[in-house]
Amino acid sequence: SSGINAEYGFRNIVEEITRKWGMQLCVVSIVDSHYCTDVSKFVSVLLTSLSSMMHLELPHINVLSKIDIIEKMGPLAFKLDFYTEVLDLSYLLDELDERVCSRKFIKLNKVLTELVEDYNLVSFYPLNVQDMACLHRVCKAVDKANGYVYGELEERTVAGLLESSSQGSGDLDFEFNKYHK
């Protein structure tokens with residue numbers, strides 16, 4: 001019962017901020033990258049991210065933090081882009097050792113990874129706070145999720161809008177240096 005009240009309370013707050021105050025909101029979910037070193041933990045992170053995306057009903061940016069020290073936390077089974085792009089998750093299941101995990105646990109993880117893949121909504125931006133370009137990409141993603149696509153001096157054309165909406169719009173500045181010094 002208190003969970004339901006909290007959910008409605010949160011939705012009321014969001015509605016108040018967005019409708020009455022005219023503000024744009026975006027959820028930034030920051031997850032420690034050490035979860036990538038353990039298959040079942042990474043599956044849990046995927047489910048948590050998907051669940052919050054579905055329940056909060058706001059633009060959502062998922063971030064894997066501390067990627068600069070991820071190798072110190074343990075070896076990765078795959079390259080980092082596998083975890084950030086949430087590629088074919090069936091490969092994760094191959095990393096579950098049947099000698100350590102029960103068949104039921106492996107089957108559960110298979111169903112859960114299929115659920116995440118069916119929605120095809122979860123991906124992560126890697127974050128290294130020591131790398132300004134990395135911080136810039138995350139800030140641009142948040143700006144885009146909030147509906148900000150033009151800077152003060154940017155031409156407002158359909159071509160510009162289409163370029164900014166594509167994932168590969170790496171040249172757009174979004175006035176990062178103006179606001180994030």
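All heavy atoms count here, side chains included; hydrogens, waters and symmetry mates do not.
- Once rounded to the nearest 0.5 Å, the distance linking CG of Leu25 with CD of Glu15 reads 12.0 Å.
- Linking Ile, Leu, Val, Met, Phe, Trp and Tyr whenever their side-chain heavy atoms come within less than 4.5 Å puts Met54 and Leu112 in one cluster.
- Closest approach of Thr37 and Gly74 over heavy atoms only: CG2-O, 3.5 Å.
- Closest of all the heavy-atom pairs between Val45 and Phe124 is CG1-CZ, 3.7 Å.
- Distance CD/Glu117 to CG/Leu89: 4.0 Å, rounded to 0.5 Å.
- Between the CG atom in Leu64 and the OG atom in Ser123 there is a gap of 10.0 Å [rounded to 0.5 Å].
- Remark: Gln24 CD to Asp143 CG distance equals 11.5 Å, nearest 0.5 Å.
- Under the 4.5 Å side-chain contact rule for hydrophobic residues, Ile69 and Met132 do not share a cluster.
- The hydrophobic clustering, which links ILVMFWY residues whose side-chain heavy atoms are closer than 4.5 Å, places Leu121 and Val111 apart.
- Taking all atoms of both residues into account, the shortest heavy-atom contact from Met53 to Val122 is SD-CG2, 4.1 Å.
- Partners of Asp32 under the salt bridge (Lys or Arg N to Asp or Glu O under 4.0 Å) rule, at least two apart in sequence or in another chain, are Lys66.
- With sequence neighbours excluded, the residues satisfying side-chain contact (heavy atoms from CB on, under 4.5 Å) with Ile70 are Ser33, Cys36, Leu76, Leu80.
- Using a 4.5 Å cut-off on side-chain heavy atoms (C-beta onward), Tyr91 and Thr113 make no contact.
- Within the structure, ring pair (Phe, Tyr, Trp, His ring centres under 6.0 Å) contacts touching residues 59-83 (residues at least two apart or in different chains) are Phe42-Tyr83, Phe78-Phe82.
- Partners of Gln130 by side-chain contact (heavy atoms from CB on, under 4.5 Å), not counting sequence neighbours, listed by chain and number: Asp68, Asn128.
- Atom SG of Cys139 is separated from atom CZ of Arg137 by 11.5 Å, given to the nearest 0.5 angstrom.
- Side-chain atoms of Leu135 and Leu127, non-hydrogen and from C-beta on, do get closer than 4.5 Å to each other.
- For residues 43-52, the set of pairs meeting the salt bridge (charged side-chain N to carboxylate O under 4.0 Å, His left out) definition, not counting sequence neighbours, is empty.
- Side-chain contact between Lys144 and Ile61: absent, with no pair of heavy atoms (C-beta onward) separated by less than 4.5 Å.
- For Ser51 (side chain) and Leu47 (main-chain N/O), no donor-acceptor pair under 3.5 Å exists by modelled atom type.
- Between Asn62 and Val31, every side-chain heavy-atom pair lies at or beyond the 4.5 Å cut-off.
- Under the rule for a side-chain hydrogen bond (donor to acceptor under 3.5 Å, both in side chains), the partners of Glu114 that lie at least two apart in sequence or sit in another chain are Lys110.
- With rounding to the nearest 0.5 angstrom, the OG1 atom of Thr84 is 8.5 Å from the CD1 atom of Ile67.
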